[in-house]
> 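My questions will all concern the structure given below.
Here is the naming used below: chain letters follow the sequence lines, and residue numbers restart at 1 for every chain.
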Amino acid sequence: MAKVKTLEDLKRMRESLQSELSLRENSDTPEKLVQIKVSMATCGIASGAKETMSFIMEELYRRKIDAVVTQTGCMGYCHSEPTIEVQLPGADPVVYGNVKKERAQLIIDQHIIAGKLVDGIIPGIYSTPDNK
Amino acid sequence: MRDLSMHILDIVGNSVRAKSTEVKIILMEDMDYDILSLRIEDNGCGMSEATIKKAMDPFFTSRKTRKVGLGIPLLQQNAELTNGGITIESEIGKGTQLTAVFVRSHIDRPPLGDIADTIALIISGNPNVNIIYSHSFNDEKYILTTKEIINSLENVSISHPKINQFIKQMIEENLELIGVEL
Ligand SMILES: Nc1ncnc2c1ncn2[C@@H]1O[C@H](COP(=O)(O)OP(=O)(O)O)[C@@H](O)[C@H]1O
Ligand SMILES: [Mg+2]
């Protein structure tokens with residue numbers, strides 16, 4: 001029988017991740033990481049929010065990007081599901097709508113890695129006049 | 001909702017929205033009795049009798065804007081298609097228990113779907129809720145909780161993609177070990 005992963009393996013993995021995190025500048029506490037929230041209400045799930053969150057997790061893992069990816073309830077943009085909120089350390093959060101794989105890829109490549117906003121931003125409470 | 005994993009994501013979403021701090025996801029598969037049951041227990045705000053009735057009525061919605069939704073009626077419909085059904089017990093201020101029973105071999109029984117990925121996303125996605133996942137297959141059982149994961153993580157976030165991928169693989173391997181058909 002092949003060996004199955006246990007919490008002991010997780011501890012070992014965590015130790016190596018911890019040292020990677022402290023080597024990388026400013027990334028040893030969660031607040032200093034990229035924060036992503038995926039809206040996971042029924043309307044979002046029906047529009048593919050699970051696939052979107054799954055893709056984001058896998059892609060960030062593959063590209064070795066430190067982030068905190070969580071779920072949130074309905075953000076009130078049911079017509080634009082799946083929606084995600086992206087917040088770079090020290091910046092204001094930005095909400096994107098209709099985030100399927102393709103747009104999620106763009107958001108990772110351009111917003112998260114290069115710091116440039118991409119199409120699909122839902123303007124709202126997040127874009128106050130002085131954070132342009 | 002194409003599969004049970006999506007129903008789980010949806011029903012657990014209700015529990016989280018009800019401000020639960022602990023949610024149990026209990027899946028039981030029994031080949032002898034030909035049953036697959038899903039039970040979700042939470043310690044959230046609970047529902048009144050009237051709300052339970054409404055929640056099970058597809059023509060009622062408390063929300064103003066929605067084209068889909070109807071999470072509970074959809075699950076009920078899918079369970080009933082297999083000659084199973086759902087029950088909801090709830091007490092205001094205490095919490096809610098929802099049980100859905102399916103005839104496992106029934107042609108209309110939705111597949112499990114991507115259960116390891118789904119549970120891992122629920123665990124990573126709700127770091128402040130203690131998720132207790134229990135999956136039994138005949139006499140074998142696998143249990144995983146947010147608490148025990150966090151105890152192994154020190155200051156590393158349970159919502160980090162690398163941790164999420166590990167949790168997903170760990171669930172996958174352990175379910176395979178107890179015989180769950182993935
Ligand atoms: N676990 C729960 N705790 C408290 N209330 C709940 C719970 N599950 C469902 N409800 C209530 O039942 C309603 C219907 O649930 P659901 O069918 O999933 O539709 P929706 O979540 O889109 O409103 C919810 O809006 C909520 O008021
Ligand atoms: Mg719901």
> For Ile11(B), which atoms come within 4.5 Å of any heavy atom of chain A: side chain, backbone, both, or neither?
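Looking at Ile11(B), nothing touches chain A.
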
> Hydrophobic clusters here meaning ILVMFWY residues chained together by side-chain heavy-atom distances under 4.5 Å, can you tell me if Val129(B) and Ile143(B) are in one?
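No.
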
> Does the side-chain contact (heavy atoms from CB on, under 4.5 Å) test come out yes or no for Val16(B) and Gln71(A), once each step is laid out?
CA-CA 10 Å; Val16(B) 172; Gln71(A) 297 176 2; over 6 Å; no

> According to a 4.5 Å side-chain heavy-atom criterion applied to Ile, Leu, Val, Met, Phe, Trp and Tyr, with indirect links allowed, do Ile121(A) and Ile108(A) form part of one hydrophobic cluster?
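Yes, same cluster.
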
> Working to the nearest 0.5 Å, report the span between NZ of Lys37(A) and OG of Ser159(B).
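It is 11.0 Å, given to the nearest 0.5 Å.
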
> May I ask you to check whether over 12 heavy atoms, not counting those of Tyr142(B), lie within 6.0 Å of atom OH?
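Result for OH/Tyr142(B): enclosed.
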
> Within residues 96-127 of chain B, which residues come under 4.5 Å of chain A, heavy atom to heavy atom?
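The list, in residue order, reads Asp114(B), Asp117(B), Thr118(B), Leu121(B), Ile122(B), Ser124(B), Gly125(B), Asn126(B), Pro127(B).
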
> Only pairs of heavy atoms separated by less than 4.5 Å count here; which of Met53(A), Lys5(A), Glu15(A) has the most with chain B?
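Result: the option with the highest number of such pairs is Lys5(A).
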
> Measure Glu154(B) against the heavy atoms of chain A and call it side chain, backbone, both or neither at under 4.5 Å.
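Both backbone and side chain.
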
> To the nearest 0.5 angstrom, please state how far the CG atom of Leu7(A) sits from the OG atom of Ser152(B).
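It is 4.5 Å, given to the nearest 0.5 Å.
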
> Is any side-chain heavy atom of Leu60(A) closer than 4.5 Å to one of His160(B)?
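Not in contact.
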
> Given that the side chain runs from C-beta out, which part of Glu58(A) has a heavy atom under 4.5 Å from chain B: side chain, backbone, both or neither?
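Both backbone and side chain.
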
> Could you state the interatomic distance from OG1 (Thr42(A)) to CG (Leu74(B)), rounded to the nearest 0.5 Å?
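Thr42(A) atom OG1 to Leu74(B) atom CG measures 8.5 Å (nearest 0.5 Å).
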
> Quick check on Ile65(A) against chain B: is it the side chain, the backbone, both or neither that has a heavy atom closer than 4.5 Å?
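Backbone only.
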
> Going by the side-chain contact (heavy atoms from CB on, under 4.5 Å) test, name the single residue among Val156(B), Asn151(B), Leu153(B) that passes it with Leu10(A).
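One option only clears the test, and that one is Leu153(B).
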
> Can you list the residues of residues 161-174 of chain B that sit under 4.5 Å from chain A, counting heavy atoms only?
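Within residues 161-174 of chain B, the residues that come under 4.5 Å of chain A (heavy atoms only) are Pro161(B), Lys162(B), Ile163(B), Asn164(B), Gln165(B), Phe166(B), Lys168(B), Gln169(B), Met170(B), Glu173(B), Asn174(B).
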
> Membership question, hydrophobic clusters at under 4.5 Å side-chain separation (ILVMFWY): are Val118(A) and Leu88(A) in the same one?
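Linked, Leu88(A) and Val118(A) end up in one cluster.
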
> Quick check: do Gln18(A) and Asn155(B) have side-chain heavy atoms less than 4.5 Å from each other?
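The answer is yes; the side chains approach within 4.5 Å.
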
> Do the side chain of Arg17(B) and the main chain of Gly73(A) share a donor and acceptor less than 3.5 angstrom apart?
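Not at all, since once roles are kept as given, no pair shorter than 3.5 Å links the two residues.
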
> Name the region of Met57(A), side chain, backbone, both or neither, that has any atom closer than 4.5 Å to a heavy atom of chain B.
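For Met57(A), heavy atoms of backbone and side chain both lie under 4.5 Å from chain B.
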
> Do Met56(B) and Ile92(B) sit in the same hydrophobic cluster, where Ile, Leu, Val, Met, Phe, Trp and Tyr count as joined when their side-chain heavy atoms come under 4.5 Å apart?
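No; tracing contacts between hydrophobic side chains, which count when under 4.5 Å, never links both residues.
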
> Heavy-atom pairs under 4.5 Å with chain B are the metric here; pick the option from Lys11(A), Lys64(A), Lys50(A), Arg62(A) that has the most.
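Option with the greatest count: Lys50(A).
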
> Pick one of side chain, backbone, both or neither for Thr6(A), based on which atoms fall under 4.5 Å of a heavy atom in chain B.
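Contact with chain B is through the backbone of Thr6(A) alone.
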
> Report the distance from atom CD1 of Ile45(A) to atom OG of Ser5(B), rounding to the nearest 0.5 Å.
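Ile45(A) CD1 to Ser5(B) OG: 11.0 Å, rounded to 0.5 Å.
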
> Starting from Leu36(B), can I reach Tyr133(B) by hopping between I/L/V/M/F/W/Y residues whose side chains sit under 4.5 Å apart?
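As far as the 4.5 Å side-chain criterion goes, Leu36(B) and Tyr133(B) are connected within one cluster.
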
